[in-house]
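Input: a single structure, listed below in structure tokens.
No hydrogens, no waters, no symmetry mates; every other heavy atom, side chains included, goes into these values. So that the names make sense, note that chain A is the first sequence line, chain B the second, and so on, each numbered from 1.
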Amino acid sequence: MAPDLDFSHERGPIRHLLNYREMSQEPMQVGSDPLLDDLTEPQREAATHVDGPLLVLAGAGSGKTRVITRRIAHLVLRVGIPPWNVLAITFTNKAAGEMRERVAKLVSERQARAITVCTFHSLCARLIRQYAHKLELPPGYSIYDTADQSRAVKNALEALEINTGNFPPAKVLSTISSAKNELIDPDAYAASAHDFYSKTVAKIYRKYQEVLAQNKALDFDDLLVQTANLIRNHPDVLAELRERYQYLLIDEYQDTNHSQFIIANALGAQHRNICATGDPDQSIYGWRGANIRNILEFETHYPDAKVVRLEQNYRSTKNILAVADALIRNNKHRKHKSLWTENEAGDPVRVVTVYDERKEAQWVVEQFQDWHDNKKVPWGGMAVFYRINSLSRVIEDALRTAGIPYQIARGTAFYERKEIKDAVAYLRVIVNPFDEVNLTRIINTPARGISEATVEALRAAAVAQNKPLFEVLRSVASLTAVNARAVAAVLRFAKMVEEWRKALGIFENNNARSPIFDLNAPDTPTSADDLHSIENQKSKIENPSTLRSFVERVLVDSGLHEHYRTDKTDPEGERLANLGELVSSAQQFEDDLEASLDGRPTTLHEKVTAYLEQISLVSDVDTVNPDQGAVTLMTLHAAKGLEFPVVAMLGVEDGLLPHSRAQTNPHEMEEERRLCFVGFTRAQRMLMVSHARYRTIFGQTTPTIPSRFLNELPSNHLQVEDISNEESWTAGEDRFSGINAQREAAREAAAQYRPGELVRHPQFGLGRVLTINPMGAQTRAQIAFNTAGVKTLILQYARLEKI
DNA sequence: AGTTATTAAACGAGC
DNA sequence: TTTAATAACT
């Protein structure tokens, strides 16, 4: 049993803070500043740094966030920097929220609200909205998620008449994404493309950008690219931003990519008050363009930078830290850092071998139960990490069966559901009439009599007339290819959307200077002062309704509500409930927004736009609430920046961690090791690591090899257990009897049908068995049907009938 | 036109 | 295993 450790000092409230005015009247004595008193020397050095570049190399658990928040408070309270001059960039919205909260405990609520704390992506999204007119975008531009991007690429491929077979959208998109992260535009990409594949990608890239431009849409990478362009091409904007953001803090600097680097440096180049914090050993996003050199070469970019190293760890026990440190020492490309702690030695790190993933889950659940019942660790203090999302299922099942509350960090999953994507697509189309991807998604969802053929005719007309698709809807009557019933349906749909737009104060008096179609609408002086002043155009009618009621109205008017209310395929009403949850999320957003606006007016239109922006940029961890009293399940990537008293890491096996795709590339292998290191260093008191002898992935059970990383761990800090044989006799028998039963069934099924026999299929009718291919549960039969031709069917699923 | 069944295809991490 | 695209049916 581990002695009780006190981990509370990290988050202790700071009392009796003096504000700046009091300070200046009555100077504090050196060493008695409550902002700094409880900091160590290096921490204080970083926290009190005011002007000029600062690099904080912060080891895991070294109190980095604390230093950042204190530094912000110090700047505002002691130095007297206006809070709106401070810009802190974090890796996730959740981290931003936490940082703002922690700062708010040091400074006043009001001051805290004036500080900008956000992620790169949300900063860029807001800047683009604010300066939309300079980028030929409407402020209601769409942000495309992966699914939308994939649609856009498919459109591009279609237009170029390229077969998707050789150019799967996902693969093309990842190539394009890498290019964008390096700020390589289609021209530059084409210039460096020499082989057939990249030359074709160059064409697709160009077309894809055209499609996005047509739709007035940006993908995630474009948010950064466009911001970089904005800053580069508009010196006035850059000057404004530099004036506004005089003190820059960028957290997790090791995971910034080239475009983020460019943006940050452009903002900071003049005043040079740029503070980067991070840890090269925790760089785990190389695959999405993060450039570890940004942090390694910070001192080259800023030779006068002050460098502070935080090496004392306040988070973990000695054992955990020793194990993590031993692991990371195996990376060759690395600057060594000596992590140390004054914490207790604690329990050894447990490394356990289990039989399979079910046993693994069961073991973890047992351990958690013990920590909860006997060591009084709340459920919220425990977490399960894994390399790939698909490992979450088994542990979920086990936790559910055990009745243990859990939450999964999969914030985006909610917005990926069809019903939610549909509902959001309506909102997108309302604020962005150019968004064809979302328009085609909802034009006949739910079914309202607008067929595929009708949509095709409309699209053709839009291309022919060189008009946005939505504008063509109104002239649908002139299209001969569309019958009267469809015309009525289209007009009804267009009318409905226009009604919603009216409710937002958007008017479209036929091709007049309707604000939403008019990109050259008068430039209202948008200063960086107020990022919340979103749109240039103000609502022309006083609309009393709220965001919540607007969303509800769209759900009802569109028929989505009714459709899912009566959906027979969803008897539980789960989808309807999800729509309900969307409505409450709108309500929640509205409440938060009102609070942060502090009485300043907003239009409904602005609210919808801001809401759409927010839901486009939620990250997986954003939804995790530690005080929820639930075990947290997440990927190792999502775990960055978090900490839990008890941590279990699943599937520490070769092929999973390190992932099989990293095996051939030494750099990727080191990133895998860093990923493992990140996982280890999240643990405060107990770290358990498990690997199974057999693992079933995609229905295929295969023996595994323990992760090579396990061999790198110092045995004197470990407690190694192999429980793969315990009770596995019964479990093993169950398992094999299960498999055997399946095989038996398949054999029987195979035996049942012999080549030459006549069978009947509910759909295909009469047929004759040609061959039987016994493959266990996957046993297939080739059958020649009288009318349907030769088909290969899986016996288990095909409801065949012997004749 | 719209729904439902069947088959094929994807499976690394995410803003 | 899940999801997406396609084919068949009502």
Under 3.5 Å donor-acceptor pair, A:Glu672 side-chain atoms to B:dG12 base atoms: yes
Given B:dC11, B:dC15, C:dA5, the nucleotide with the shortest approach to the side chain of A:Lys154: C:dA5
Value in whole Å for how far the C1' atom of B:dC15 lies from OH of A:Tyr415: 15 Å
Candidate nucleotides B:dG14, B:dC15, B:dA1, ranked by approach to the side chain of A:His637 - the nearest: B:dG14
A:Asn389 vs B:dG12: side-chain N/O to OP1/OP2 distance below 4.0 Å: no
Nearest-Å distance for atom pair CD/P, residues A:Glu653 and B:dG12: 16 Å
Residues A:Asp422 and A:Arg441 bridged, charged N to O under 4.0 Å: yes
Stacking of A:His659 on B:dG12 base (centres under 5.5 Å, planes under 30°): yes
Selected nucleotide, minimal atom distance to A:Arg387 side chain, candidates B:dA13, B:dC15, B:dT3: B:dA13
Side chain proximity check, A:Glu357 to A:Glu360, heavy atoms < 4.5 angstrom: yes
Whole-Å distance separating the CZ atom of A:Phe220 from the C1' atom of B:dC15: 6 Å
Spacing of A:Leu173 atom CG relative to B:dA10 atom P, expressed in whole Å: 15 Å
C:dT2 phosphate, OP1 or OP2, under 4.0 Å from A:Arg393 side-chain N/O: yes
A:Asn257 vs B:dC15: side-chain N/O to OP1/OP2 distance below 4.0 Å: no
Spacing between A:Leu656 atom CG and B:dA13 atom P, to the nearest angstrom: 11 Å
Phosphate-side-chain proximity, A:Lys180 and B:dC15, N/O vs OP1/OP2 below 4.0 Å: no
Test: A:Asp397 and A:Arg358 ion pair at under 4.0 Å: no
Rounded distance (Å) that lies between atom P of B:dA13 and atom CD of A:Glu252: 20 Å
Position toward the 5' end of DNA chain B (nearest nucleotide), A:Leu617 or A:Gly449: A:Gly449
Base of B:dA13 and ring of A:Trp287 stacked, centres under 5.5 Å, planes under 30°: yes
Nearest-Å distance for atom pair CZ/P, residues A:Phe385 and B:dG12: 21 Å
Nucleotide nearest A:Thr119 (side chain, heavy atoms from C-beta), chosen from B:dG14, B:dA1, B:dC15: B:dC15
Parallel, tilted or perpendicular: ring planes of A:Phe589 versus A:Tyr611, cut at 30 and 60 degrees: tilted
Sugar-phosphate, base or nothing in reach of A:Glu668, heavy atoms under 4.0 Å: base
Atom P, compared across B:dA13 and C:dA4: separation rounded to whole Å: 15 Å
Salt bridge (Lys or Arg N to Asp or Glu O under 4.0 Å): pairs with one or both residues in residues 281-290 of chain A, sequence neighbours excluded: A:Asp281-A:Arg334, A:Asp281-A:Lys337
OP1 or OP2 of B:dA1 under 4.0 Å from side-chain N/O of A:Asn444: no
Residue mapping more 5' on DNA chain B - nearest nucleotide basis, A:Ile697 or A:Glu452: A:Glu452
Whole-Å distance separating the CD1 atom of A:Ile143 from the C1' atom of B:dG14: 15 Å
Polar side-chain contact A:Arg288-B:dA13 base: donor and acceptor under 3.5 Å: no
Distance-only polar pair, side chains of A:Glu252 and A:Gln254, donor-acceptor under 3.5 Å: yes
Nearest heavy atoms of A:Thr90 and A:Ala95, plus distance in Å: CB-CB, 4.0 Å
Phosphate OP1/OP2 of B:dC15 contacted by A:Thr92 side-chain N/O (<4.0 Å): no
OP1 or OP2 of B:dG14 under 4.0 Å from side-chain N/O of A:Ser619: no
Sugar-phosphate, base or nothing in reach of A:Thr412, heavy atoms under 4.0 Å: sugar-phosphate
